[in-house]
Amino acid sequence: MKVSRFLAFLMIVALFFALAIPTYTKIWNGITLGLDLKGGFDVLYQVKDTPEEKVTSEGMIAVKNAIEKRVDSAGITEPVIQIEEGNRIRVQIAGLFSQEEAKKLLVQSAKLEFKAPDGTVLATGKDIKSNAKYVLDQQTNAAEVSIEFKDAKLFQSITEKYVGQNVSIWLDEQQLQNPRIQTVIYDGKAVINGQESAEAATNMANYLNAGALPYPLDELSSFSVSPTLGDEALHDTLYAGVVAFGLIFVFMVVYYRLPGLVAMIALLMYAYLLFAVFRYMHITLTLPGLAALVLGIGMAVDVNIIAAERIKDEFRHGKSLLSAMIMGQKRSMPTIIDANITSIIAGFLMYWFGTGAIKSFAVAHIISVLATFLTAVLISRLMLQLLVRSNIVRNTWWYGAPRAIATKGVVRKGGAKK
Amino acid sequence: MKFEIVKNRKWYFIISVLIAIAGIVIMSTMGLNLGTDFEAGSRVQFTVGHTFTPEDIESEFNKQFTEFKVAQVQGIANNGVVVRIDKKFTPDQEAAVKSYLDKQYPNSAPQISSVDPVVARELAQKAIYAILYASVGIILYMAIRFEYRFAISGVISVLQVVLVVVSLFALFRLEIDINFIAAILTIVGYSIHDTIVIFDRIRDNLKHTKIKTTADLEAMVNESIWATMARSLNTVLTVVISAGCLYLLGGTPIKHFALALLLGLVTGAYSSIFIASQIWVSWKSRELKKPKATA
């Protein structure tokens with residue numbers, strides 16, 4: 001018996017649990033959950049041309065910025081806003097918030113107007129660039145909002161005509177402010193002063209940008225999940241994973257004995273590694289992704305089953321414990337590699353051609369296969385080798401050999417058994 | 001003496017062809033119950049919280065909302081219901097439905113999705129491409145690692161699995177949505193994975209065995225299948241445990257996903273044992289006969 005090898009085996013197991021037990025809640029809580037697990041909505045908009053203007057790529061970025069600002073100003077955190085092919089914008093917002101309000105806020109094509117004292121409309125939101133922002137006056141330290149007109153000439157004519165008078169700014173028929181034109185402006189760039197605070201100035205800038213949203217948005221698809229349903233789905237799926245693990249654990253240990261136990265320790269490592277990857281690579285975990293991981297439990301175990309069955313084959317050919325294990329592990333390798341590479345190929349193609357749910361399923365699937373390689377192939381093999389080489393359990397029955405061979409082994413050694 | 005799996009291959013082929021014909025008949029007569037992902041329209045899923053009949057829900061909806069008409073109402077697990085509308089909701093209609101549900105059913109936990117025809121068509125196209133390209137990728141890899149006969153035999157056996165699952169979904173009017181496609185892709189990947197283990201053993205034995213006649217080939221493949229039988233069954237058992245737990249415990253949104261997996265994995269195990277290598281044997285044995293005929 002070689003105690004050092006057995007100690008090395010125990011060390012690996014102990015190190016893993018020492019690392020995993022104190023950190024797993026932190027890792028789990030740090031994972032970004034998709035809106036199907038947290039509740040929220042996903043809307044896809046078509047950005048449409050206006051009679052005057054076709055949608056350009058700069059225009060798309062302006063729309064994206066404007067939506068971002070609108071969402072921000074509503075106090076919603078961490079929206080995902082993506083420009084997709086064919087002038088589309090996808091907005092995903094997860095968590096607890098009023099979905100109707102947020103949606104209204106997104107699409108409402110705010111009507112921003114600049115009015116003369118007599119009420120005539122001088123310019124609209126279309127005339128200014130959506131780059132208004134809060135600035136600080138160098139001399140007075142007062143909060144101001146900088147704006148820029150698309151057409152400097154238009155702004156010049158307005159300022160010439162109304163210098164010394166007030167030109168009011170209206171958003172959706174509500175007056176935001178009534179600033180006085182102080183000088184004629186030739187370059188289209190102006191600042192609006194008289195803001196109460198930096199916050200008020202930022203809000204004002206947001207309103208202006210939102211009002212300057214250049215194109216109408218048309219809803220193409222929408223998907224919304226109530227937070228209760230998302231929460232339920234998350235808990236149910238995790239529970240399913242735990243029960244599956246428990247059942248497979250019993251099966252593996254009863255059927256494959258020691259290699260089965262080693263496989264299950266490796267499976268715990270697999271689960272921990274997966275969540276760590278999701279946490280630290282900031283991958284969003286969705287319901288299909290979670291399902292891929294639960295399914296991955298079965299697939300990760302398969303690697304161990306292939307190896308364990310090969311080891312049994314070698315026993316049947318009369319090999320000793322150590323050489324059966326070495327040959328069995330070696331011979332199972334090409335099968336495992338081929339089988340897993342096809343899984344990865346399928347995963348990559350799914351990712352490449354798929355959309356939304358399929359993409360996130362594919363990501364989870366690929367990560368799951370890679371994690372299987374690391375834990376079920378490398379670590380599990382190492383653990384089993386250490387266990388066999390430590391010679392602590394000599395009875396080959398514990399390694400899945402049929403009873404007859406095991407008994408023969410014991411008879412040869414000690415001769416005590418019947 | 002172990003059961004001769006390979007020699008009886010004629011019977012599995014007959015069974016498979018019959019299943020395929022039945023599947024095609026079911027699909028062409030009953031059609032698929034496509035979800036809003038693939039067929040434009042709106043879908044409202046919520047929990048009623050007490051027993052109900054679909055007719056009640058339908059008349060209630062039609063009374064409440066006059067701007068659109070309910071197309072289909074289907075009860076699902078745990079007093080849940082899915083209401084389908086042919087047209088895509090406008091944002092205002094969606095908000096109206098939501099506030100109605102909030103008032104009428106306190107813990108309704110609604111999930112509303114609506115898709116425009118353009119996007120639905122695109123999604124369906126992309127899903128089909130994803131499956132096609134995944135199959136091509138797998139064929140190419142297997143053709144390189146094994147030989148083209150293995151690759152094609154493997155993919156044919158997998159396509160049978162896909163056909164079985166899709167026709168069962170058509171038969172029981174289960175909804176086919178984007179998650180179903182993810183399930184199909186998993187089934188494709190997993191069945192191939194399963195088949196490869198058997199093919200790998202055949203390839204291994206091919207190196208050590210002299211094959212002169214079809215009988216030799218049959219005996220060798222039969223032995224390979226039996227040698228990997230424990231693994232085939234145990235592995236399918238572990239994935240069936242995983243998919244079964246997802247089905248029984250995994251929550252309403254993935255019930256159909258898990259069911260598709262479950263059906264596909266079981267059919268896949270059958271197919272990889274009884275169909276994939278038998279196609280290969282039939283094909284390969286032609287090659288054995290050829291030289292004799294010409295000689």
| said: Can you tell me how far apart CD1 (Ile89(A)) and OH (Tyr45(A)) are? Round to the nearest 0.5 Å. | reply: 10.0 Å
| said: Before you tell me yes or no, could you show the steps for Ser224(A) and Glu94(B) under side chain to side chain contact (heavy atoms under 4.5 Å, CB included), namely the whole-Å CA-CA distance, both residues' side-chain angles and the distance that decides it to 0.1 Å? | reply: CA-CA 10 Å; Ser224(A) 77; Glu94(B) 187 184 323; 3.9 Å; yes
| request: Go through the atoms of Ile345(A) and report whether side chain, backbone, both or neither lie under 4.5 Å from a heavy atom of chain B. | output: side chain
| request: Please report the closest heavy-atom contact between Met142(B) and Phe150(B), naming both atoms and the distance. | output: CE-O, 3.8 Å
| task | Please determine, among Tyr129(B), Tyr190(B), Phe257(B), the option with the most heavy-atom pairs under 4.5 Å with chain A. | result | Tyr190(B)
| query | Within a strict 4.5 Å, meaning less than it, do heavy atoms of the Ser226(A) and Pro110(B) side chains meet? | reply | yes
In residues 233-253 of chain A, what donor-acceptor pairs under 3.5 Å come from side-chain atoms, sequence neighbours left out?
{"residue": "His235(A)", "atom": "ND1", "partner": "Asp231(A)", "partner atom": "O", "Å": "3.1"}
{"residue": "Thr237(A)", "atom": "OG1", "partner": "Ala233(A)", "partner atom": "O", "Å": "2.6"}
{"residue": "Thr237(A)", "atom": "OG1", "partner": "Gly250(B)", "partner atom": "O", "Å": "3.4"}

| task | Answer with side chain, backbone, both or neither: which region of Tyr133(B) has an atom nearer than 4.5 Å to a non-hydrogen atom of chain A? | result | both
| query | Of the backbone (N, CA, C, O) and the side chain (C-beta and beyond), which part of Val118(B) lies under 4.5 Å from a heavy atom of chain A, both, or neither? | reply | side chain
| For atom NE2 of His317(A), is the number of surrounding heavy atoms from other residues, nucleotides or ligands below 6.0 Å larger than 12? | no
| query | In terms of heavy-atom proximity below 4.5 Å to chain B, should Ser222(A) be classed as side chain, backbone, both, or neither? | reply | both
| field | Part of Leu123(B) within contact of chain A (heavy atom distance under 4.5 Å) | value | side chain
Donor-acceptor pairs under 3.5 Å, side chain of residues 229-237 of chain B to any protein atom, not counting sequence neighbours: which ones?
{"residue": "Arg231(B)", "atom": "NE", "partner": "Asp302(A)", "partner atom": "OD1", "Å": "3.0"}
{"residue": "Arg231(B)", "atom": "NE", "partner": "Thr235(B)", "partner atom": "OG1", "Å": "3.4"}
{"residue": "Arg231(B)", "atom": "NH1", "partner": "Asp194(B)", "partner atom": "OD1", "Å": "2.9"}
{"residue": "Arg231(B)", "atom": "NH2", "partner": "Asp302(A)", "partner atom": "OD1", "Å": "2.8"}
{"residue": "Arg231(B)", "atom": "NH2", "partner": "Asp302(A)", "partner atom": "OD2", "Å": "2.9"}
{"residue": "Arg231(B)", "atom": "NH2", "partner": "Asp194(B)", "partner atom": "OD1", "Å": "3.4"}
{"residue": "Ser232(B)", "atom": "OG", "partner": "Thr228(B)", "partner atom": "O", "Å": "3.0"}
{"residue": "Asn234(B)", "atom": "ND2", "partner": "Tyr256(A)", "partner atom": "OH", "Å": "2.6"}
{"residue": "Asn234(B)", "atom": "ND2", "partner": "Ala230(B)", "partner atom": "O", "Å": "3.3"}
{"residue": "Thr235(B)", "atom": "OG1", "partner": "Asp302(A)", "partner atom": "OD1", "Å": "2.4"}
{"residue": "Thr235(B)", "atom": "OG1", "partner": "Arg231(B)", "partner atom": "O", "Å": "3.1"}

| At a heavy-atom separation under 4.5 Å, does Arg203(B) approach chain A through its side chain, its backbone, both, or neither? | side chain
| Which bit of Asp200(B) is near chain A, if near means a heavy-atom gap under 4.5 Å: side chain, backbone, both or neither? | side chain
| Between Tyr100(B) and Phe65(B), is the gap from one ring center to the other below 6.0 Å? | yes
| Between Asp338(A), Leu229(A), Ile358(A), Ile344(A), which has the largest tally of heavy atom pairs under 4.5 Å with chain B? | Asp338(A)
| request: Check whether Phe348(A) gets within reach of chain B through its side chain, its backbone, both or neither, counting any heavy atom under 4.5 Å. | output: neither
| Can you say whether Leu132(B) sits under 4.5 Å from chain A via the side chain, the backbone, both, or neither, judging by heavy atoms? | neither
| remark: So, the part of Lys126(B) with a heavy atom under 4.5 Å from chain A: the answer is both
| message | With a sphere of 6.0 Å drawn around NZ of Lys319(A), does it hold more than 12 non-hydrogen atoms of other residues, nucleotides or ligands? | response | yes
| message | Between Ile305(A), Ile306(A), Leu220(A), who has the most heavy-atom pairs with chain B when the cutoff is under 4.5 Å? | response | Leu220(A)
| message | If I measure from the heavy atoms of chain A, does Phe46(B) come under 4.5 Å with its side chain, its backbone, both, or neither? | response | neither
| request: Could you look at Arg88(A) and say if it's the side chain, the backbone, both or neither that has a heavy atom under 4.5 Å from chain B? | output: side chain
| query | Among Ile254(B), Leu248(B), Ile138(B), which has the most heavy-atom pairs under 4.5 Å with chain A? | reply | Ile254(B)
| said: Only pairs of heavy atoms separated by less than 4.5 Å count here; which of Leu290(A), Asp313(A), Ile341(A) has the most with chain B? | reply: Ile341(A)
| task | Please name the pair of heavy atoms, one in His365(A) and one in Gly347(A), separated by the smallest distance, quoted to 0.1 Å. | result | CD2-CA, 4.1 Å
| said: Nearest 0.5 Å, please: how far is CD1 in Ile196(B) from CD1 in Ile337(A)? | reply: 12.0 Å
| request: Identify which part of Ile131(B) has an atom lying under 4.5 Å from any heavy atom of chain A, answering side chain, backbone, both or neither. | output: neither
